[in-house]
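Here is the structure we will look at.
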Amino acid sequence: MHTVFHFLGLALLSQQMEAELNKSPASNSRRPADKNLGPMPPATKHVLRHVYAPFIRKLAQVLRNDSFLWDADP
């Protein structure tokens, strides 16, 4: 974590704050309470695709991997 903070030019965390952050592992999943929210509304999906499309294309180009490209809106 020190390396990342240094790279980003951020002040280092206190030992207490770092311990607090490291108490529970990071997770890239929804909270159980959020799992029943249902699918994303079509209008939201359309806006997100429009806003992020140039960045996603650039990512795919830089990584030379078209699997990052999103399908077009139906």
Side-chain angles (χ1 to χ4, degrees):
M1 194 174 330
H2 292 276
T3 305
V4 172
F5 273 57
H6 178 73
F7 174 79
L8 295 173
L10 301 173
L12 295 178
L13 298 175
S14 67
Q15 287 182 348
Q16 179 183 0
M17 181 59 77
E18 191 171 338
E20 184 69 27
L21 289 173
N22 290 324
K23 248 197 311 195
S24 60
S27 174
N28 193 16
S29 62
R30 286 183 171 178
R31 296 175 299 175
D34 293 341
K35 290 192 177 198
N36 295 325
L37 292 176
M40 183 184 304
T44 303
K45 185 183 278 190
H46 177 76
V47 168
L48 290 173
R49 286 181 184 276
H50 177 74
V51 169
Y52 289 105
F55 303 104
I56 297 300
R57 282 194 299 271
K58 183 66 175 174
L59 176 65
Q61 179 184 13
V62 168
L63 297 178
R64 296 183 181 147
N65 186 339
D66 287 347
S67 67
F68 289 95
L69 296 174
W70 295 343
D71 294 330
D73 279 334

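If you read the sequence from its start, that first residue is 1, and numbering goes on from there.
- The minimum heavy-atom distance linking Phe5 with Ala11 is given by the pair CD2-O, 3.2 Å.
- Taken to the nearest 0.5 Å, the CZ atom of Arg49 stands 10.5 Å off from the NE2 atom of His46.
- Nearest approach of Met40 to Leu48, heavy atoms of both residues: SD-CD1, 3.8 Å.
- The hydrophobic clustering, which links ILVMFWY residues whose side-chain heavy atoms are closer than 4.5 Å, places Phe7 and Leu12 together.
- Cluster membership check: Leu21 shares its hydrophobic cluster with Leu10, using side-chain heavy-atom separations under 4.5 Å among Ile, Leu, Val, Met, Phe, Trp and Tyr.
- Contact between Leu69 and Arg57 at its shortest, heavy atoms only, is CD2-CA, 3.8 Å.
- Under the 4.5 Å side-chain heavy-atom criterion for ILVMFWY residues, a single connected hydrophobic cluster contains both Ile56 and Val47.
- Under the 4.5 Å side-chain contact rule for hydrophobic residues, Met17 and Val4 share a cluster.
- When the side chains of ILVMFWY residues are joined at heavy-atom separations under 4.5 Å, either directly or via intervening members, Leu59 and Val51 end up in two distinct hydrophobic clusters.
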